[in-house]
Amino acid sequence: MKNIKVIAFDADDTLWENENYYRDTEMKFCELMSSYLSIENVRSELLNTEMANIELYGYGAKSFVLSMIETYMRISTKKVEIDTLSKIIQLGKDLIDMPIVLLKDVESTLSDLFGKYQLILATKGDLLDQHRKLSKSGLAKYFCYVEVMSNKKKEDYLRLIQKVGVSANEFLMIGNTIKSDIIPVIEIGGKAIHIPYHITWEHEKADIGNTQFIRLENFSELKKLLLY
């Protein structure tokens, strides 16, 4: 870690809670659709819709709402009821307006790292939604640069390190998902630390293979590695 100049942090489920809100919203949607299909079948249909829409809509709450509406239209054979549609839209608004709950030791750790490294936020999702969450979190003061990425693949990280002006071996990514935060960073020659969250979206699950990275159990353990 001695070469590290820039530390990038994922946002959702790394700095604050997120996936649990999506799961709760998903369950409410499944219950709303229970007159058409079983909860498990509705969940499967919704996931299929989300996967099909990622290339078109990207990630985030707005994409999720559109996928819920599309799934409703499909499983109801386009017999859309305005009342049900209004409830789905409200589910989406409630999701976007959920409170920001910081994960344990996040702010104290960022405060200790601040000034010793360049700290940046590197997350994906809807631009407006992510900036709103960052503002509500109270953490914006710790980051010298914020990048809301449309995806997190090798080429996206290569563009990011070029923007912040470091080489790959001077870049450290910290996040909760193997697929988005760990594997592509290792592939470009950077360093990565995995801090798992207790819930992982199906799309973000990945086989680590022979990928070499550090896994920590909690955020505060970063201090032992990075403050020496």
Side-chain angles (χ1 to χ4, degrees), residues 10-104 106 123-137 148-152 175-181 194-207 217-219:
D10 175 52
D12 296 332
D13 302 318
T14 297
L15 303 180
W16 52 69
E17 294 184 354
N18 181 68
E19 186 61 23
N20 55 323
Y21 294 145
Y22 277 80
R23 292 293 176 90
D24 289 345
T25 303
E26 178 187 71
M27 178 54 69
K28 290 174 183 176
F29 174 73
C30 290
E31 291 171 349
L32 190 60
M33 299 291 105
S34 60
S35 62
Y36 300 102
L37 294 171
S38 69
I39 286 177
E40 283 306 311
N41 283 336
V42 175
R43 183 179 287 117
S44 177
E45 289 289 335
L46 177 57
L47 180 61
N48 290 339
T49 308
E50 288 182 89
M51 296 303 98
N53 285 339
I54 283 176
E55 290 299 319
L56 187 62
Y57 299 147
Y59 298 86
K62 293 173 186 175
S63 173
F64 187 62
V65 174
L66 289 170
S67 291
M68 285 195 293
I69 292 172
E70 184 178 336
T71 301
Y72 170 46
M73 291 178 63
R74 185 172 66 253
I75 66 178
S76 68
T77 61
K78 298 186 179 179
K79 295 177 182 178
V80 175
E81 297 177 358
I82 296 300
D83 181 61
T84 302
L85 185 59
S86 296
K87 289 178 180 178
I88 294 172
I89 293 171
Q90 189 60 52
L91 285 176
K93 289 183 176 180
D94 292 343
L95 175 63
I96 291 171
D97 199 37
M98 286 293 180
I100 298 301
V101 179
L102 298 182
L103 296 177
K104 185 179 179 182
V106 162
T123 190
K124 65 183 179 184
D126 178 79
L127 181 65
L128 178 61
D129 192 31
Q130 294 298 68
H131 276 283
R132 182 190 295 114
K133 286 191 280 189
L134 177 59
S135 177
K136 289 170 69 174
S137 75
V148 180
M149 306 155 82
S150 59
N151 212 329
K152 282 184 170 180
N176 67 293
T177 60
I178 300 293
K179 182 177 180 180
S180 294
D181 302 318
H194 182 224
I195 305 178
Y197 187 65
H198 66 281
I199 307 172
T200 302
W201 184 30
E202 286 296 323
H203 178 65
E204 292 292 351
K205 294 180 179 179
D207 182 6
E217 292 303 316
N218 56 69
F219 216 83

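Computed from a predicted structure; not experimentally measured.
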Look up atom [atom1] in [X] and atom [atom2] in [Y], then write down how far apart they are to the nearest 0.5 Å.
X     : Y      : atom1 : atom2 : result
Ile54 : Asn151 : CD1   : CG    : 8.0 Å
Ile75 : Met73  : CD1   : CE    : 12.0 Å
Asp24 : Met98  : CG    : CE    : 6.5 Å
Leu85 : Ile89  : CG    : CD1   : 4.5 Å
Asn53 : Asn48  : CG    : CG    : 11.0 Å
Asp13 : Leu103 : CG    : CG    : 7.0 Å

Side-chain touch [X]/[Y], heavy atoms, less than 4.5 angstrom:
X      : Y      : value
Met68  : Leu46  : yes
Ile39  : Met27  : yes
Tyr21  : Val101 : yes
Ile195 : Asn176 : no
Ile178 : His194 : yes
Tyr57  : Lys62  : no
Pro99  : Trp16  : no
Glu19  : Asp12  : no

Under the side chain to side chain donor-acceptor pair (under 3.5 Å) test, which residues partner [X], sequence neighbours left out?
X     : result
Gln90 : Asp94
Asn18 : Lys133
Ser38 : Asn41
Glu55 : none

Check [X] against [Y] and note the closest heavy-atom contact, atom names and distance.
X      : Y      : result
Thr123 : Ala11  : OG1-CB, 3.6 Å
Phe219 : Thr14  : CE1-O, 3.6 Å
Thr49  : Ser67  : CG2-O, 3.7 Å
Gly125 : Val148 : O-CG1, 3.5 Å
Phe29  : Ile88  : CE1-CD1, 3.8 Å
Ser63  : Gly58  : OG-O, 3.1 Å

With sequence neighbours left out, write down each residue that passes salt bridge (charged side-chain N to carboxylate O under 4.0 Å, His left out) with Glu26, or none if nothing qualifies.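 With neighbours one apart ignored, the set is Arg43.
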Pick one: which of Leu91, Thr84, Asp83 meets side chain to side chain contact (heavy atoms under 4.5 Å, CB included) with Lys87?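 That would be Asp83.
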Which pairs, with at least one residue in residues 69-82 and sequence neighbours excluded, count as a salt bridge (Lys or Arg N to Asp or Glu O under 4.0 Å)?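 Listed once each, the pairs are Glu45-Arg74.
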Gln130 side chain vs Lys124 backbone, donor-acceptor pair below 3.5 Å: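 Indeed, once roles are kept as given, a pair shorter than 3.5 Å links the two residues.
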Does any N or O in the side chain of Ser135 come within less than 3.5 Å of the main-chain N or O of His131, such that one atom is a donor and the other an acceptor?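 Not a single qualifying donor-acceptor pair exists.
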